[in-house]
Amino acid sequence: DMAQASAKGYKGIGMEGFIASWYAKNQARDMAAYRSDARIVAANTAVGGTILDLAPGPGYLAIEIAKLGGYHVVGLDVSKTFVDIARQKAAEAGVQVDFQQGNASQMPFADDSFDLIVCRAAFKNFADPIGAINEMYRTLKLGGKGVIMDLNKDASPQELDEHVQGMHAGAVDTLFMRMVFRTMLIPRAYTGQSFAAMAGQSRFGACRVEARAIGLDVWLEKSAA
């Protein structure tokens with residue numbers, strides 16, 4: 001199964017068609033969080049820099065970064081449906097983002113392409129996580145930063161419930177989202193220790209893990225050898 005997962009680039013069901021559209025609709029409720037994360041990304045990137053949103057899904061974070069102005073923003077997702085949705089949403093928002101289809105562990109980009117790479121809420125789905133981290137290293141410029149923003153496997157059921165409630169979805173979507181968190185997302189999520197171990201095995205050699213709410217921010221830096 002791992003060999004098959006590696007070939008398609010992600011674990012579990014792919015985010016295509018209906019599932020992708022449902023996810024896009026529900027995530028749109030969380031726009032304040034995307035804006036806040038966009039500001040974190042911008043604060044760590046010099047104006048004029050090139051930013052990759054890795055596995056952007058419906059593209060909300062990339063679009064919010066582009067709205068801040070002064071950055072060249074690229075998005076790479078394995079799902080054709082998401083690339084289509086993201087391109088449409090960028091056009092509606094009147095911003096320029098270069099959304100492309102491709103695999104996180106075999107990125108179609110040259111070495112030293114990006115000042116910052118962000119991967120939000122998608123890393124846990126990668127079939128080859130260390131391969132993806134090494135690709136982040138390869139495609140970052142010297143001195144560039146990577147940040148993985150994802151779910152903390154150690155988040156408590158109570159914290160997760162509060163997060164889902166805070167999204168103010170309808171009763172059915174709330175129930176479904178709670179199930180998705182418990183049965184699909186948390187089982188795939190990583191702990192801070194797991195991230196540290198993966199970073200240690202990667203070309204980065206180390207990372208800095210910051211906990212916040214139900215998530216973790218994992219910071220990686222491509223420093224001079």
Side-chain angles (χ1 to χ4, degrees), residues 8-42 44-45 49-110 113-129 132 135-136 139-140 144-151 167 169 173 176-177 180 184-185 188 215 217:
K8 64 183 182 177
Y10 53 81
K11 295 188 253 189
I13 55 164
M15 287 279 203
E16 293 286 0
F18 165 76
I19 285 280
S21 304
W22 176 84
Y23 182 84
K25 176 176 74 95
N26 274 284
Q27 290 304 112
R29 294 194 172 94
D30 221 3
M31 216 46 84
Y34 284 106
R35 281 190 199 111
S36 153
D37 290 344
R39 286 193 291 272
I40 292 171
V41 167
N44 283 277
T45 316
T50 302
I51 296 170
L52 172 65
D53 186 356
L54 182 57
Y60 299 136
L61 178 61
I63 289 165
E64 289 304 319
I65 295 166
K67 281 182 187 172
L68 296 172
Y71 303 100
H72 177 57
V73 188
V74 180
L76 182 75
D77 206 283
V78 77
S79 156
K80 184 184 184 310
T81 308
F82 272 153
V83 172
D84 291 342
I85 291 171
R87 284 176 178 163
Q88 184 189 335
K89 294 204 175 286
E92 286 167 8
V95 293
Q96 186 62 49
V97 181
D98 178 14
F99 287 111
Q100 302 180 29
Q101 189 177 6
N103 191 329
S105 52
Q106 293 167 309
M107 291 196 226
F109 304 118
S113 291
F114 303 106
D115 295 284
L116 187 138
I117 298 174
V118 58
C119 179
R120 184 191 192 273
F123 189 85
K124 62 187 159 303
N125 301 319
F126 293 166
D128 179 12
E135 277 291 83
M136 289 171 76
T139 57
L140 274 174
K145 292 178 186 172
V147 58
I148 297 165
M149 300 173 166
D150 217 316
L151 200 53
M167 289 179 79
D173 279 339
F176 189 55
M177 263 191 288
V180 166
M184 285 170 69
L185 304 183
R188 289 186 204 161
D217 289 355

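Predicted, not measured: the structure shown is a model, and the values here were computed from it.
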Heavy-atom closest contact ([X] atom, [Y] atom, distance):
X	Y	result
Ala86	Gly57	CB-O, 3.9 Å
Ala104	Glu135	O-CB, 3.5 Å
Leu52	Phe109	CD1-CE1, 4.0 Å
Ala93	Ile63	CB-CG2, 3.8 Å
Val118	Leu116	N-CD2, 3.9 Å

Nearest 0.5 Å please: distance from the [atom1] atom of [X] over to the [atom2] atom of [Y].
X	Y	atom1	atom2	value
Ser21	Asn26	OG	CG	11.5 Å
Met107	Leu54	CE	CG	4.5 Å
Met177	Tyr23	CE	OH	10.5 Å
Ile40	Met149	CD1	CE	4.5 Å
Lys25	Asp173	NZ	CG	4.5 Å
Ile85	Asp77	CD1	CG	9.5 Å

Worksheet item: Would a 4.5 Å heavy-atom cut-off, applied to side chains only, mark Ile51 and Val41 as touching?
Response: yes
Worksheet item: Are any of the side-chain heavy atoms of Pro129 and Phe123 separated by less than 4.5 Å?
Response: yes
Fill in: Donor-acceptor contact below 3.5 Å, side chain Tyr60 vs main chain Ala24
yes
Practice prompt. Could you tell me whether a side-chain N or O of Asp115 sits under 3.5 Å from a main-chain N or O of Gly49, the two making a donor and an acceptor?
Written response: no
Between side-chain atoms of residues 66-75 and protein atoms elsewhere (two or more places apart, or another chain), which donor-acceptor pairs fall under 3.5 Å?
unit_1 : atom_1 : unit_2 : atom_2 : d
Lys67  : NZ     : Glu64  : OE2    : 3.1
Tyr71  : OH     : Ala42  : O      : 3.2
Tyr71  : OH     : Thr45  : O      : 3.3

Which pairs of donor and acceptor atoms, one on a side chain in residues 94-101, lie under 3.5 Å apart (sequence neighbours left out)?
unit_1 : atom_1 : unit_2 : atom_2 : d
Asp98  : OD2    : Gln100 : NE2    : 2.9
Gln101 : NE2    : Val78  : O      : 3.1

Item to complete: Please list, chain by chain and in numerical order, all residues satisfying salt bridge (charged side-chain N to carboxylate O under 4.0 Å, His left out) with Asp37, sequence neighbours excluded.
Response: Arg120, Arg212
